[in-house]
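Protein chains get the first letters and strands the later ones, always in sequence-line order, with residue 1 at the start of each. The model shown is predicted, which means the values in this text are computed figures rather than measured ones.
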Protein chains: 2
Amino acid sequence: MGVTKRFIYSDHINDIANIAKVFAHPARVAILKYISEQEGCICNDLVDEIGLSQATISQHLSVIGDSGLLKGRFEGKKKCYCLNLERFEEFQILLNSFFNKAASSCC
Amino acid sequence: MGVTKRFIYSDHINDIANIAKVFAHPARVAILKYISEQEGCICNDLVDEIGLSQATISQHLSVIGDSGLLKGRFEGKKKCYCLNLERFEEFQILLNSFFNKAASSCC
DNA sequence: TCGTAATATTGCAATATTACGATAATAAAA
DNA sequence: TTTTATTATCGTAATATTGCAATATTACGA
């Protein structure tokens, strides 16, 4: 046991959960916040900014990247990470579609 | 190791991550969806509906409940769970405030 | 080519999460 | 009181996640 039984849920439900998982760790929220606030490119300022090891930041970046939320581009030895705004908006729309369907409560 | 270092992040960031964590498992998304669609009270229809054991559903319900998203009330032996809409809207506002601050990308 | 800076990957220890059977607790019904 | 239905909790096994040191990789500059 201990394995999430993804196959028993609809794609839509798994999508929501997968999106939420990206934001479900404060380091990843902090990374996304910082990247978007800079509205420009950054690299491993994140290590200084956030205070986790380089290995850990890199790992979180790859989790965020796997979700499609990042555009990355090497500029010499530095890598420039930026938000993929289109994907970011998709996330927002999906989450809001979930929230907006909530009906009234009974208790 | 293995412990999330919550103390290095701002409250706001931890809040976002904690909210996201509730939605970060498909069972919890499915539970919230079902509860809100019924727009009424349900109990362990969830066990039949979702297909996890009663113990597991109850555990997920308590995670959702800890976040303040549920109102529960016993009616005889059955417990009626409903969405706490105020809290649900708070969640939506917090998440959107995060999304809406995203600036333009550079890559 | 060699050294250095920036990032990614690997391996591992610590901790957290998920799932379930068994059991407890509670309240209605028999 | 005993049984039954419903939900919660405990204990535990399996798996996932987090974080870091060490190492690899990549690209630039000397």
Side-chain angles (χ1 to χ4, degrees), chain A residues 1-9 13-14 17-32 34-35 41-67 70-82 107, chain B residues 1-9 13-14 17-32 34-35 41-67 70-82 107:
Chain A
M1 282 124 241
V3 216
T4 297
K5 297 177 159 184
R6 293 174 217 284
F7 58 94
I8 69 176
Y9 311 99
I13 285 181
N14 280 314
N18 288 333
I19 289 172
K21 204 167 279 185
V22 176
F23 297 93
H25 193 284
R28 291 194 289 269
V29 176
I31 288 173
L32 283 165
Y34 187 73
I35 289 183
C41 300
I42 57 111
C43 6
N44 256 19
D45 309 338
L46 287 167
V47 176
D48 300 331
E49 180 67 20
I50 296 184
L52 293 172
S53 77
Q54 184 268 322
T56 304
I57 294 286
S58 190
Q59 206 171 236
H60 281 301
L61 276 171
S62 100
V63 172
I64 302 174
D66 288 346
S67 76
L70 292 180
K71 292 179 183 170
R73 185 162 48 97
F74 269 105
E75 291 188 334
K77 355 183 206 197
K78 301 190 185 181
K79 186 158 184 188
C80 156
Y81 278 113
C82 339
C107 298
Chain B
M1 282 121 239
V3 217
T4 296
K5 298 179 158 183
R6 291 175 219 283
F7 59 93
I8 69 175
Y9 312 99
I13 285 181
N14 280 313
N18 288 334
I19 289 172
K21 207 168 277 186
V22 176
F23 298 94
H25 194 285
R28 293 196 286 271
V29 175
I31 288 173
L32 283 164
Y34 187 73
I35 289 184
C41 300
I42 56 110
C43 7
N44 255 16
D45 309 338
L46 287 167
V47 176
D48 300 332
E49 180 67 20
I50 296 183
L52 293 172
S53 77
Q54 184 268 322
T56 304
I57 294 287
S58 191
Q59 204 173 239
H60 281 302
L61 276 170
S62 100
V63 172
I64 302 173
D66 289 346
S67 76
L70 291 181
K71 293 179 182 170
R73 187 163 48 95
F74 268 104
E75 293 186 332
K77 356 183 207 195
K78 300 191 186 179
K79 186 159 184 187
C80 156
Y81 278 113
C82 340
C107 301

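The side chain of A:Thr56 lies closest to D:dG19, out of D:dA8, C:dC20, D:dG19. Between C:dA6, D:dT7, C:dC20, one nucleotide has an atom nearer to the side chain of B:Ala55 than all others, and that is C:dC20. Listed candidates were C:dT7, C:dT18, D:dT18. Nearest to the side chain of A:Phe74 is C:dT7. Out of D:dA27, C:dA19, D:dG19, the shortest distance to the side chain of B:His60 is found at C:dA19. The side chain of B:His25 has C:dT18 as its nearest neighbour among D:dT6, C:dA5, C:dT18. Proximity note for A:Tyr81 (side chain, C-beta onward) versus C:dA8, D:dT18, D:dC28: the nearest is C:dA8.
Within the 4.0 Å cut-off from OP1 or OP2 of C:dC20, at least one side-chain nitrogen or oxygen of B:Ser53 is found. Put simply, A:Lys79 has a side-chain N or O that comes within less than 4.0 Å of OP1 or OP2 on C:dA8.
Mapping A:Gly51 and A:Gly76 onto DNA chain D via the closest heavy atom, the residue that lands nearer the 5' end is A:Gly51. Where A:Lys21 and A:Ser62 each meet DNA chain C at their nearest nucleotide, the meeting point lying more 5' is that of A:Ser62. Between A:Arg6 and A:Leu52, the one whose closest nucleotide on DNA chain D sits nearer the 5' end is A:Arg6.
Within the 4.5 Å cutoff, the side chain of A:Ile64 has no heavy atoms near those of the A:Tyr81 side chain. For the pair A:Arg6/A:Asn18, a side-chain contact is recorded, criterion being any heavy-atom separation below 4.5 Å from C-beta on.
Base-pair partner of D:dT9: C:dA22 (Watson-Crick or G-U wobble, both distances under 3.5 Å). Pairing partner, C:dA6: D:dT25, with both Watson-Crick or wobble hydrogen-bond distances short of 3.5 Å.
Distance CG/A:Asp66 to NZ/A:Lys21: 13.0 Å, rounded to 0.5 Å. Atoms CG and CD1, on A:Leu46 and A:Ile35 in that order, are 5.5 Å from each other to the nearest 0.5 Å.
At a cut-off of 3.5 angstrom, counting only N and O atoms as typed in the model, there is a donor on one side and an acceptor on the other between the side-chain of B:Gln59 and the base of C:dA19. For A:Gln54 and C:dA6, a side-chain-to-base donor-acceptor distance below 3.5 Å is absent, hydrogens and geometry of angles not being considered.
Atom NZ in B:Lys77 sits about 15 Å away from atom P in D:dA8, given to the nearest Å. Rounded to an integer number of Å, the gap from CZ of A:Arg73 to P of D:dA27 is 15 Å. Between B:Glu75 atom CD and C:dA29 atom C1' the separation is 18 Å, expressed in whole Å. Distance CD1 (B:Ile64) to P (C:dT17): 15 Å, rounded to an integer number of Å. Between the CG atom of B:Asn44 and the C1' atom of C:dT26 there is a distance of 15 Å, rounded to whole Å. B:Lys78 has its NZ atom 18 Å from the P atom of D:dT4, to the nearest Å. In this structure, the CG atom of A:Leu61 is 7 Å from the P atom of C:dA8, given to the nearest Å. Computed from coordinates, the A:Leu46 CG to C:dA8 C1' distance equals 15 Å when rounded to whole Å.
A:Ser62 places a side-chain N or O within donor-acceptor distance of the main-chain N or O of A:Gln59, the cut-off being under 3.5 Å. B:Arg28 contributes a side-chain N or O that, together with a main-chain N or O of B:Val22, makes up a donor-acceptor pair within less than 3.5 Å.
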